[in-house]
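A short write-up of the structure that comes next.
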Amino acid sequence: MTTVARDRFGRIINYLRISLTDKCNLRCVYCMPEDMIFRPKHELMQDDELHSLVRVFASLGFWKIRLTGGEPTVRHNIVDICRTIAGTPGIRSLSMTTNGILLKDLAAPLAEAGLQRVNISIDTLDSARFRRITRWGSLDDVWAGIEASERAGMTPIKLNAVVVRGFNDADVTELARLTINHPWQVRFIEMMPFGDVAGFAKEQIVTDEEIRARIADEFLPLQLQDDGQLDGEARLFRFPGAQGDVGFISSVTQPFCANCNRARLTADGVLRLCLLRDKEVDLLTPLRNGASEDELRQIILDGVWWKPWGHGLAEDVI
C-alpha cells in the first residue's frame, strides 16, 4: 500500500505547487519591488534535483503538480522540465500559472510536452493600466499568449486577476464580461499580504462582495453555481447564458484552509506547508548531502504532519 502524506488534522496532501524560479520578467506592484534582487542560480534547484524531488513526492501520492515562479516560462529548459514531470509515474495533472508574456511561442511546445492547463494572469484589459500594474508588461503579449494556449488545447483557460484598490478595481466588470462569449474562467483573487508588499496589500484588499456588487451595478448580477462548492480554490458564479464562469478566490475574507491539500516547493528546494506561515522544511540540503529517497520521503512526511490548520490572517499571524 502506498504511503500518503497526511497532516495531523487528517488532510491528505497531494497537490504540489513548484516554484521553478524566483525570477520574473514583470514587476507587478502587488508582488515585488521594481529593483528586486534574485538568488544566484547555484542556490536554486537544478533540473536533476527538481526531477528527483518530483519522483519522491509522486511516490507519496502527490499526483497534481502546478508550476509557478516567479515566472515559470523564464526557466531554462522549461519544455524539457514539463516533459519529464508529465512522464513521472503517478503524476496525473500538470498545469502552470504564468503571466502569459512568453506563451505565444511556448504554448504549443509546452502542450506537446504534457502541460495540460494554464492559469494566465491578466489584471486589466486597459493597456496603459496594465503597464502601470506590471511596470514592464505588454497587454498585447498576454492576449497573444491566451489565444496560443487555447489553440494548443490547454483548456479550460483560467484568467487570474488580483484586484488592487486604486489600480484595477475599476476593471472587474470588463474582465467578467469576457466570460459571456468565451468558455473561460475569469477569477478574481484577493491580494495576499506577504513579503515586501504586505503592508501595501493590507491597505488595498478589495473583497469579493465588493467586486460582485460593482459588476451587478455596472452590468448584470452574477448567479452562484454549484451551491457555492469550491472549484479548487474558486467559488463560481455565472452570467445568464454565458459560456464561461466568474470565480472568486477569497483567501483573506473567506479562507478555505479546512480543505487545503496543497504544499509548495520553493525554487531553492524548501517545502512550505502554507504560503503565509513560516513553517518550512529544507529538502535541497539533504538531497545535496546524499540523502536517499527513503530518507527524503520521511523528511516530507514529518514536515507535512505539521502543516498548519490555516494562514492566521484573522489573527494577524503571518
Side-chain angles (χ1 to χ4, degrees), residues 17 19-39 66-76 78-79 82 95-111 115 117-152 154 157-179 182 184-198 200-201 204-206 211 246-247 249 267:
R17 297 188 175 190
S19 298
L20 294 181
T21 178
D22 61 340
K23 296 178 175 62
C24 189
N25 48 1
L26 299 179
R27 294 291 184 275
C28 296
V29 295
Y30 53 77
C31 185
M32 64 177 69
E34 189 167 10
D35 58 351
M36 185 75 177
I37 297 174
F38 298 107
R39 302 277 293 276
R66 173 170 295 279
L67 303 177
T68 69
E71 170 49 40
T73 60
V74 304
R75 171 74 182 247
H76 182 62
I78 181 60
V79 174
C82 284
S95 57
M96 176 185 289
T97 296
T98 169
N99 60 34
I101 295 290
L102 301 179
L103 284 181
K104 179 181 178 180
D105 297 319
L106 281 175
L110 285 172
L115 188 68
R117 289 172 305 281
V118 287
N119 291 10
I120 300 172
S121 300
I122 180 168
D123 295 327
T124 176
L125 298 180
D126 180 276
S127 296
R129 197 143 43 234
F130 184 88
R131 184 79 175 186
R132 179 186 175 206
I133 293 170
T134 64
R135 294 191 177 106
W136 298 354
S138 164
L139 182 62
D140 290 341
D141 290 339
V142 179
W143 197 258
I146 294 170
E147 294 176 333
S149 300
E150 194 166 44
R151 288 194 301 271
M154 293 193 290
I157 299 290
K158 295 182 179 180
L159 304 182
N160 292 343
V162 176
V163 183
V164 183
R165 190 177 307 280
F167 282 80
N168 67 332
D169 49 328
D171 296 88
V172 294
T173 301
E174 288 306 305
L175 284 164
R177 284 168 63 103
L178 290 174
T179 65
H182 299 281
W184 300 341
Q185 188 182 114
V186 172
R187 312 194 311 170
F188 295 115
I189 302 173
E190 287 182 346
M191 186 166 47
M192 298 288 279
F194 65 90
D196 293 331
V197 295
F200 171 83
Q204 309 305 126
I205 289 172
V206 183
I211 294 170
V246 179
I249 300 178

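Because the structure is predicted, anything quoted here is derived from the model rather than measured.
When all heavy atoms of E190 and V206 are compared, the pair lying nearest together is CG-O, 3.7 Å. Contact record, G137 with L26: CA-CD2, 3.3 Å, taken as the closest heavy-atom pair. In this structure, G166 and R132 approach most closely via the heavy-atom pair O-NH1, 3.5 Å. Of all non-hydrogen atoms in V79 and L106, the two that sit nearest each other are CG2-CD2, 4.1 Å. Here the closest non-hydrogen pair linking G69 and S19 is O-OG, 3.3 Å.
One finds the CG atom of L159 at 9.0 Å from the CD atom of Q185 (value rounded to the nearest 0.5 Å). Taking CZ of F130 as the reference point, atom CG of D141 lies at 8.0 Å (rounded to 0.5 Å). Note that CD1 of I101 is 8.5 Å distant from OG1 of T73, once rounded to the nearest 0.5 Å. Going from atom CE of M36 over to atom CG of D22 covers 6.5 Å, rounded to the nearest 0.5 Å. Going from atom CG of L20 over to atom OG1 of T68 covers 7.0 Å, rounded to the nearest 0.5 Å. The line from CG of L178 to CD1 of I146 is 8.0 Å long, rounded to the nearest 0.5 Å.
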Could you give me the CA-CA distance, side-chain angles and deciding distance for N119 and R187, then say whether side chain to side chain contact (heavy atoms under 4.5 Å, CB included) is met? CA-CA 9 Å; N119 291 10; R187 312 194 311 170; 2.8 Å; yes
For a side chain to side chain contact (heavy atoms under 4.5 Å, CB included) check, start with the C-alpha distance between L67 and C82, then their side-chain angles and the critical distance, and finish with the verdict. CA-CA 9 Å; L67 303 177; C82 284; 3.6 Å; yes
Passes side chain to side chain contact (heavy atoms under 4.5 Å, CB included), D123 versus V164? Steps please. CA-CA 9 Å; D123 295 327; V164 183; over 6 Å; no
Could you walk me through whether D171 and T124 pass the side-chain hydrogen bond (donor to acceptor under 3.5 Å, both in side chains) test, one step at a time? CA-CA 6 Å; D171 296 88; T124 176; 2.7 Å; yes
Test log, rule side chain to side chain contact (heavy atoms under 4.5 Å, CB included), inputs V142 and N99: CA-CA 7 Å; V142 179; N99 60 34; 5.7 Å; no
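Contact annotation: the side chain of L175 approaches that of F188 to within less than 4.5 Å [non-hydrogen atoms, C-beta and beyond].
Side-chain contact check for E71 and T98: at least one donor-acceptor pair (N or O, by modelled atom type) lies under 3.5 Å.
For R131 (side chain) and W136 (main-chain N/O), a donor-acceptor pair under 3.5 Å exists by modelled atom type. Here the side chain of R27 pairs no donor or acceptor atom with the backbone of R135 at under 3.5 angstrom. Under the 3.5 Å distance criterion, the side-chain polar atoms of R117 are left unmatched by any main-chain donor or acceptor of M154.
Under a cut-off of 6.0 angstrom, the local environment of NZ in K104 is sparse, with at most 12 non-hydrogen atoms contributed by other residues, nucleotides or ligands.
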